2 protein chains.
Amino acid sequence: MDDTADTALPPGLDLLWGLRERNRRGPRPGLSLERIVQAAIELADAEGLAAVSMSRVAERLGFTTMSLYRYVASKDELLTLMMDSVAGELSVPDDLPPGWRAGLTYWAKEQLALFRRHPWTAQIPITGPPLGPRALAWMEVGLRMLEDTGLAGDEKLGVISLLSGYVRGEAQLSMDLAAALQAHPRQATYGELLRTVLDADRYPILHGIAASGALDFPSEYSEADFDFGLQLVLDGIGVLIASRSRDADGADRQDGPGPPSDGP
Amino acid sequence: MDDTADTALPPGLDLLWGLRERNRRGPRPGLSLERIVQAAIELADAEGLAAVSMSRVAERLGFTTMSLYRYVASKDELLTLMMDSVAGELSVPDDLPPGWRAGLTYWAKEQLALFRRHPWTAQIPITGPPLGPRALAWMEVGLRMLEDTGLAGDEKLGVISLLSGYVRGEAQLSMDLAAALQAHPRQATYGELLRTVLDADRYPILHGIAASGALDFPSEYSEADFDFGLQLVLDGIGVLIASRSRDADGADRQDGPGPPSDGP
DNA sequence: ACAATCTGTGTACGTTATACACAGTTCTAG
DNA sequence: CTAGAACTGTGTATAACGTACACAGATTGT
C-alpha cells in the first residue's frame with residue numbers, strides 16, 4: 001500500500017488521476033473504489049457525515065469493515081475521494097453568462113446548490129489546495145469567468161478562492177444552524193432572546209437594534225443572507241478589477257490589496 | 001438538571017448569564033465550572049480540540065470523568081462555555097481607530113489573533129447567533145466601528161457577520177492546511193503538483209498559471225492571503241456604505257445588496 | 001433526628017478506526 | 001505443470017469515546 005512514493009500527490013489523489021498500479025495476481029476483486037465511494041456518499045446524503053463509518057459503508061455493500069481497506073488506505077482518503085466525486089456534479093453551461101459579475105454569480109450559486117445537495121461536503125476539512133480532476137475543472141470554470149478582467153493569474157486564483165471560501169462558509173453556517181435548531185428546537189426569536197439578556201448600559205447599540213424589533217423573525221438561514229454577503233464580496237472584487245483596469249491606463253492604485261501570495 | 005425551561009436560552013448559556021440556580025443542600029462542590037472550562041481550554045490549546053475528551057479534562061483536574069457531568073450537561077455545553085470564555089480575551093482599545101475602515105481592520109485582525117492563539121475555536125460548529133456575554137460585547141465593538149456609516153441596524157449586523165465569517169473561515173482554512181501538512185509532509189509546491197497532473201487541453205487557464213511559475217512557493221497559509229481577502233471584503237463594505245450615504249442625499253441605489261434578512 | 005438533595009465514583013454499553021493474522025484464490029516463474 | 005508470490009476478504013483485538021445509571025457519603029432544611 002506504500003507505492004505512493006513515486007508521486008508527491010497527497011494520499012488518495014493518485015487514485016483519482018489513475019496513477020495507482022493495478023494488480024495482476026490474486027482473486028478478482030468483488031468490490032471497487034467507485035462502489036465504495038458511491039455508497040459512502042449515499043450514506044452521507046441520507047444520514048449526515050457522522051453516519052459515515054467504515055462499518056456502515058461496508059454494511060451497505062454487504063462486505064465486512066476491513067474489506068474496505070483493500071481499496072482505501074484510511075477513512076481520510078475515502079473522504080477525499082467523496083469530495084472530488086461530488087465535484088463532478090457541478091455543471092458547466094455551454095454558453096457562459098456575459099461579464100465577470102454574472103459569471104461569478106452563477107459560479108457561486110451553482111456551488112451553493114451543490115453544498116445544499118450534499119451538506120456534508122462543507123464539513124470535511126480542507127487538506128490542501130484543490131488537486132482532484134473534477135475540483136480543478138470547476139476551478140477552471142471560475143477562472144474563465146475572470147478572463148476579461150485584466151487580473152493577473154494569481155489574483156484570479158485569489159478571487160476564486162475568496163469566493164469559494166465565502167460560499168463554503170455560508171453553507172457550513174446554514175448547516176450548523178439547522179442541525180442545532182433540530183437538536184434544540186427554539187421558539188424565541190434572536191431579538192427576543194437578546195432583550196431578555198442585554199442591558200442598555202453595557203450593550204447600547206445591540207440593545208437598540210434588538211429593541212427596534214428588526215431581529216424578530218425566525219432565525220433560519222435564508223437565501224437573502226447569502227445574497228447580501230455575495231453582493232458585498234462581488235462589489236469588493238469589482239473594486240479590485242476597476243483598479244487593475246486603471247493600472248492598465250498607467251495610473252497607480254493607492255492603498256489597494258496586493259496579490260494573494262508573495263512569490264519567490 | 002431540567003430547570004432550563006424558564007429561559008428559552010440554548011443549553012449552557014443560562015450558565016454564562018448566571019441564570020442557573022445555585023444549590024443549597026448537599027456536599028460542598030469540590031470543582032467549579034470555571035476550573036473545568038479553563039482546564040478544557042488549556043488542553044485544547046496544548047493538544048488540539050480532538051484531545052478534549054471528558055476523560056482527559058477530568059484527569060487534568062484530578063477527578064473522575066463522570067464528575068464533570070454535575071457541572072455541565074454535555075460535552076457540547078462545555079464547548080459552548082469554552083467559546084465564550086476565550087471571547088473575553090478580545091481587547092477593546094480605549095481610543096477607537098478613526099473611520100470604519102481602520103476600525104473594522106482592527107476588529108478583524110484582533111479576532112484573527114484570537115483564532116491563532118486558540119486554533120480550536122474555529123473548529124467548534126456554530127450553533128446559533130452570538131448569545132454569550134463576552135461574544136456580544138465583542139459584537140458591540142464591531143457595531144461601534146460602523147456608527148458613522150449611515151447603515152441601518154440590521155445592515156450593520158450583516159456587515160459584522162460577513163466579516164466575522166470571513167475571519168473564521170480563513171482561520172479554519174489555515175488550521176486545516178497546517179494540520180494536513182504536518183500529517184503528510186510535502187516537498188512539492190502547488191505549481192509543481194499541478195504541472196505533473198494537468199494537461200493544457202482540459203485546463204488551459206490553470207495550466208497557464210501553473211506554467212508561469214506563479215505558484216512555485218511553499219504552500220503555507222500566509223498573512224498576505226488573509227490581507228488580500230480582507231481588503232476585498234472591506235472594499236465591498238465600502239461600496240455598500242457609499243451607496244447608503246448616496247441614499248441619504250436622496251439618490252437611489254441601482255443594483256446593490258438588500259438588507260441581510262427580510263423582517264416580518 | 002430525619003429526610004431531602006446534592007457531590008463524586010464505579011460500572012456498563014455501544015461505537016469508532018485500524019493493526020494483525022489467516023484462509024482461500026489467482027497468476028507467474030521455473 | 002507445479003511451486004510460490006501476491007492478492008482479496010474475514011475475524012479478532014485494542015484503546016478510546018460520550019454518557020446512562022445506580023450508589024455511597026456529605027450537607028442542609030425542617
Side-chain angles (χ1 to χ4, degrees), chain A residues 1-3 11-12 15 20-36 39-40 43-44 47-82 120 123-125 179 183-184, chain B residues 1-3 11-12 15 20-36 39-40 43-44 47-82 120 123-125 179 183-184:
Chain A
M1 211 38 101
D2 272 45
D3 49 28
L15 288 171
R20 205 172 273 186
E21 306 139 10
R22 285 247 44 73
N23 335 302
R24 315 256 140 175
R25 294 214 257 253
R28 225 154 268 125
L31 217 47
S32 72
L33 247 191
E34 288 71 27
R35 283 186 58 201
I36 294 176
L43 196 53
E47 303 184 41
L49 192 62
V52 177
S53 71
M54 300 304 269
S55 339
R56 296 289 308 277
V57 173
E59 181 193 40
R60 173 175 280 252
L61 291 164
F63 283 74
T64 60
T65 306
M66 292 311 291
S67 67
L68 304 188
Y69 286 96
R70 296 287 169 203
Y71 301 84
V72 157
S74 69
K75 188 184 177 184
D76 273 350
E77 200 172 279
L78 176 57
L79 295 181
T80 302
L81 298 175
M82 290 168 66
W120 47 271
Q123 285 186 271
I124 298 182
H184 307 283
Chain B
M1 211 41 98
D2 272 45
D3 48 28
L15 288 171
R20 206 172 272 185
E21 305 139 12
R22 287 248 40 74
N23 334 302
R24 316 257 141 176
R25 294 214 257 253
R28 226 155 268 122
L31 217 46
S32 72
L33 247 191
E34 288 73 24
R35 285 186 58 202
I36 294 176
L43 197 54
E47 304 183 41
L49 193 61
V52 178
S53 70
M54 301 304 268
S55 340
R56 297 289 308 275
V57 174
E59 180 193 41
R60 174 174 278 252
L61 291 164
F63 283 74
T64 60
T65 306
M66 291 311 291
S67 67
L68 304 188
Y69 286 96
R70 294 290 168 201
Y71 300 83
V72 157
S74 69
K75 189 185 178 183
D76 273 349
E77 198 172 280
L78 176 57
L79 294 181
T80 302
L81 297 176
M82 290 168 66
W120 47 270
Q123 285 186 272
I124 298 181
H184 308 282

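Lettering follows sequence order; numbering is per chain, from 1. These numbers come from a predicted model, not from an experiment.
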Q: Report, one pair per line, the protein and nucleotides 12-17 of chain D atoms (nitrogen or oxygen only) whose separation is under 3.5 Å.
A:
{"from": "D:dC17", "atom 1": "OP1", "to": "B:Ser53", "atom 2": "OG", "distance (Å)": "3.0"}

Q: Starting at CD of B:Glu77, measure out to OH of B:Tyr71 and round the result to the nearest 0.5 Å.
A: 14.0 Å

Q: Which heavy atom of B:Val52 sits nearest to which heavy atom of B:Ala40, and what is that distance?
A: CG2-O, 3.8 Å

Q: Of all the nucleotides listed (C:dT9, C:dT18, D:dT10), which has the minimum atom distance to the side chain of A:Thr64?
A: D:dT10

Q: Nearest-nucleotide wise, let me know which of B:Arg25 and A:Thr65 is further upstream toward the 5' end of DNA chain D.
A: A:Thr65

Q: How many Å lie between OH on B:Tyr71 and C1' on D:dT19, as a whole number?
A: 18 Å

Q: Which pair of heavy atoms, one from B:Leu78 and one from B:Ile36, lies closest together, and at what distance?
A: CD1-CG2, 4.0 Å

Q: Could you report the tightest heavy-atom contact between B:Ser67 and B:Thr64, atom names first, then the distance?
A: OG-O, 2.6 Å

Q: Over how many whole Å does the gap from B:Glu77 atom CD to D:dG18 atom P extend?
A: 15 Å

Q: Using 0.5 Å steps for rounding, measure from the CG atom of B:Leu49 to the CG atom of B:Leu79.
A: 6.0 Å

Q: Give the rounded distance in Å between these two atoms: CG of A:Leu61 and C1' of D:dT10.
A: 16 Å

Q: Ignoring backbone atoms, establish whether A:Arg28 has a side-chain N or O less than 4.0 Å from OP1 or OP2 of C:dC27.
A: yes

Q: Starting at CG of B:Leu78 and ending at P of D:dT19, how long is that distance when rounded to a whole Å?
A: 10 Å

Q: Could one point to a donor on the side chain of B:Arg70 or the base of C:dG8 with an acceptor on the other under 3.5 Å away?
A: yes

Q: For the residue pair B:Gly30 and B:Arg35, what are the closest heavy atoms and their distance?
A: O-NH1, 3.4 Å

Q: For A:Leu43 and A:Ala51, work out which heavy atoms get closest and say how close.
A: CD2-O, 3.5 Å

Q: Think B:Ser67 has a side-chain N or O under 4.0 angstrom from the OP1 or OP2 of C:dG8?
A: no

Q: What is the separation between atom CG on A:Leu68 and atom P on C:dA17, rounded to the nearest whole Å?
A: 10 Å

Q: Could you tell me the separation between the CZ atom of A:Phe63 and the P atom of D:dG11, rounded to a whole number of Å?
A: 12 Å

Q: Using heavy atoms to find the nearest nucleotide of DNA chain C for B:Pro27 and B:Gly62 separately, return the residue whose nucleotide is more 5′.
A: B:Pro27

Q: Output yes when at least one side-chain N/O atom of B:Tyr69 is less than 4.0 Å from OP1 or OP2 of C:dG8, else no.
A: no

